[in-house]
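All remarks here apply to the structure that follows.
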Amino acid sequence: QVQLVESGGGLVQPGASLRLSCAASGRTFGSYAMAWFRQAPGKEREFVTSIDWNGVGTYYADSVKGRFTISRNNAKNTVYLQMNSLKSEDTAVYYCAAGSIHADTTEYPYWGQGTQVTVSS
């Protein structure tokens with residue numbers, strides 16, 4: 001069982017940066033691939049990025065490639081999402097998830113409660 005708690009969201013201007021964190025409980029965190037998804041109002045939840053269990057493999061949606069970076073610290077049971085050059089279209093609730101590296105939400109048995117990111121001038 002893994003419980004996930006996201007933090008770090010907020011309101012920022014276009015071009016700014018934010019760093020999201022996802023703290024996990026449970027001694028098996030290091031065995032799970034992790035991912036970030038996001039959901040904007042009226043839209044489907046979409047894949048943003050994922051990282052495999054040891055942090056070697058990372059995967060990104062085309063819309064965030066070159067701007068966002070996922071990383072993890074297994075000793076701290078935490079996964080991070082560094083978001084740079086934020087755009088208004090990045091506005092969404094961001095969710096942390098455990099269980100896969102793929103974009104299919106059904107492959108993730110564990111989800112956090114989400115953190116709001118709003119990019120607006």
Side-chain angles (χ1 to χ4, degrees):
Q1 189 77 8
V2 177
Q3 293 183 325
L4 305 172
V5 179
E6 301 96 334
S7 61
L11 170 63
V12 296
Q13 293 187 338
S17 297
L18 270 179
R19 188 194 198 201
L20 305 183
S21 298
C22 173
S25 65
R27 289 177 286 180
T28 59
F29 170 78
S31 66
Y32 285 97
M34 300 292 296
W36 290 94
F37 287 76
R38 66 186 181 187
Q39 188 166 17
K43 294 189 176 182
E44 297 282 322
R45 190 168 297 190
E46 66 172 357
F47 173 83
V48 176
T49 179
S50 63
I51 187 167
D52 60 17
W53 69 273
N54 62 1
V56 173
T58 57
Y59 311 89
Y60 296 91
D62 288 343
S63 58
V64 306
K65 204 170 291 184
R67 299 188 299 122
F68 290 11
T69 303
I70 189 171
S71 61
R72 67 188 298 162
N73 184 329
N74 286 347
K76 294 185 177 181
N77 278 13
T78 303
V79 62
Y80 305 97
L81 180 62
Q82 177 67 44
M83 304 185 294
N84 298 329
S85 302
L86 282 162
K87 306 175 182 180
S88 58
E89 51 263 45
D90 295 319
T91 295
V93 177
Y94 282 71
Y95 297 91
C96 175
S100 177
I101 57 169
H102 301 125
D104 186 348
T105 58
T106 65
E107 295 187 18
Y108 294 83
Y110 306 111
W111 291 85
Q113 83 290 347
T115 185
Q116 177 70 47
V117 172
T118 303
V119 184
S120 175
S121 55

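Keep in mind it's a predicted model, so treat the numbers as computed, not measured.
Applying the side chain to side chain donor-acceptor pair (under 3.5 Å) rule to Ser120 yields no partners; only residues at least two apart in sequence or on another chain are considered. For Glu46, the salt bridge (charged side-chain N to carboxylate O under 4.0 Å, His left out) partners are Arg38, not counting sequence neighbours. Scanning for side chain to side chain donor-acceptor pair (under 3.5 Å) contacts around Thr91 gives an empty result, with sequence neighbours left out. Qualifying side chain to side chain donor-acceptor pair (under 3.5 Å) partners for Gln3, counting only residues two or more places apart in sequence or in other chains: none. The side-chain contact (heavy atoms from CB on, under 4.5 Å) check on Ser71 picks up Tyr80, with sequence neighbours excluded. For Tyr32, the ring-ring contact (aromatic ring centres under 6.0 Å, His included) partners at least two apart in sequence or on another chain are Tyr110.
Residues Ile70 and Trp36 share a closest heavy-atom pair of CD1-CD1, 3.7 Å. Of all heavy-atom pairs spanning Asn77 and Ser25, the tightest one is ND2-C, 4.5 Å. Between Phe29 and Val79 the shortest heavy-atom distance is CZ-N, 4.2 Å. Of all heavy-atom pairs between Pro109 and Gly99, the closest is CD-CA, 4.1 Å. Scanning both residues, Ser100 and Ser50, for their nearest heavy atoms gives O-CB, 4.4 Å.
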For residues 5-23, dump all side-chain donor-acceptor pairs below 3.5 Å to protein atoms at least two apart in sequence or in another chain.
residue : atom : partner : partner atom : Å
Glu6    : OE1  : Gln113  : N            : 3.0
Glu6    : OE1  : Gln113  : NE2          : 3.4
Glu6    : OE1  : Gly114  : N            : 2.9
Glu6    : OE2  : Cys96   : N            : 2.8
Glu6    : OE2  : Gly114  : N            : 3.3
Ser17   : OG   : Asn84   : OD1          : 2.9

Please tabulate, one pair per line, all N/O donor-acceptor pairs under 3.5 Å involving side-chain atoms of residues 62-69, not counting sequence neighbours.
residue : atom : partner : partner atom : Å
Asp62   : OD1  : Lys65   : NZ           : 3.1
Arg67   : NH1  : Ser85   : O            : 3.0
Arg67   : NH1  : Asp90   : OD2          : 2.8
Arg67   : NH2  : Ser63   : O            : 2.9
Arg67   : NH2  : Asp90   : OD1          : 3.0
Arg67   : NH2  : Asp90   : OD2          : 3.4

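Annotation for Tyr95: hydrophobic cluster partners, listed by chain and number, are Phe37, Phe47, Tyr59, Val93, Ile101, Tyr108, Trp111 (ILVMFWY side-chain heavy atoms under 4.5 Å, direct or chained).
Residue pairs meeting the disulfide bond (SG atoms under 2.5 Å apart) criterion with at least one member in residues 49-89, sequence neighbours excluded, do not occur. Sorted by first and then second residue, the disulfide bond (SG atoms under 2.5 Å apart) pairs involving residues 37-75 (not counting sequence neighbours) form an empty list. Residue pairs meeting the disulfide bond (SG atoms under 2.5 Å apart) criterion with at least one partner in residues 35-71, sequence neighbours excluded, are absent.
Within the 3.5 Å criterion, the main-chain N or O of Gly55 finds a donor-acceptor partner in the side chain of Asp52.
Going from atom CE of Met34 over to atom CG of Asn74 covers 9.5 Å, rounded to the nearest 0.5 Å.
Val48 is connected to Tyr60 through a chain of hydrophobic side-chain contacts under 4.5 Å among Ile, Leu, Val, Met, Phe, Trp and Tyr, so both are in one cluster.
Annotation for Glu89: atom CD counts as buried by contact number, over 12 foreign heavy atoms lying within 6.0 Å.
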